[in-house]
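Encoded as structure tokens, the structure appears first; notes follow it.
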Amino acid sequence: MYHKKPDKPDKSLAKWVEEKNSKATPKRSGFGHESKYRPPEDDIKEAEIKQDEPELIIPIPKSVVPSIEDYESTFLHKEDQESMQNKTLVSKLTDERQHLQDDLLKIDNKIINPLGVSDYQVKLWKIQRNAMMTVVNVLDMRISDLSVEGD
């Protein structure tokens, strides 16, 4: 709220406040200074894009209808599908085997250096390690079976 009195008494307070606010220059920031940076003229000219340049117009290629042989060649035969499924299954099984082997190495490290672990926990780790080794052996048999069938 303004505490000054209007310069001319013929104006209403609302008009006087509006004139004072319109005369004041708005500040860009709360610190009262303006940035001194001005971009060079060359940068501004390079940034401008000309809309009518023919170089920017890209021709649209015409669509080509494939032949029936090309279309049918995209289908996989039954043997091809089975071999693809075997390959993906073998890769998943090898990933699972690798993951189990990493876990086995961690358990082996704990069994070898059982610092701060009770003897009962070490015995349980040995049981878990034996069970995991059985799973790894079964995975090896599955991988070898699927590899022989695919060949």
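All values below come from the heavy atoms of this structure, side chains included, with hydrogens, waters and symmetry mates left out.
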- Message: So, using side chain to side chain contact (heavy atoms under 4.5 Å, CB included) as the criterion, who are the partners of M133 when residues are at least two apart?
- Response: L104, R129

- Message: As an exercise, state the distance from CZ of R142 to OG of S147, rounded to the nearest 0.5 Å.
- Response: 12.0 Å

- Task: Give the other cluster members for M141, using side-chain heavy-atom distances under 4.5 Å between Ile, Leu, Val, Met, Phe, Trp and Tyr residues; answer none if it is isolated.
- Result: V138

- For D140, which residues count as a side chain to side chain contact (heavy atoms under 4.5 Å, CB included) partner, sequence neighbours excluded? R97, V136, N137

- Query: Taking only residues two or more places apart in sequence, or in another chain, which ones meet Q128 in a side-chain hydrogen bond (donor to acceptor under 3.5 Å, both in side chains)?
  - Reply: none

- At what distance, to the nearest 0.5 angstrom, does CG of N109 lie from CH2 of W125? 10.5 Å

- Task: Check whether any side-chain heavy atom of E96 lies under 4.5 Å from a side-chain heavy atom of H99, and answer yes or no.
- Result: no

Which donor-acceptor pairs under 3.5 Å do side chains of residues 116-124 form with protein atoms, sequence neighbours excluded?
unit_1 : atom_1 : unit_2 : atom_2 : d
S118   : OG     : Q121   : N      : 3.3

- NZ of K106 to CG of D102, rounded to nearest 0.5 Å, is 6.5 Å

- d(I107 CD1, I127 CD1) to nearest 0.5 Å is 12.0 Å

- Task: Report the residues that fulfil side-chain hydrogen bond (donor to acceptor under 3.5 Å, both in side chains) with N113, sequence neighbours left out, ordered by chain and then residue number.
- Result: none

- Given a cutoff of under 4.5 Å between side-chain heavy atoms of I, L, V, M, F, W and Y, with clusters grown through shared members, what are the other residues clustered with L115? none

- Message: Distance check, rounded to the nearest 0.5 Å: L139 atom CG versus T134 atom OG1?
- Response: 11.0 Å

- First locate atom CD of Q98, then atom CG of L93, and finally report the distance between them rounded to the nearest 0.5 Å. 13.5 Å

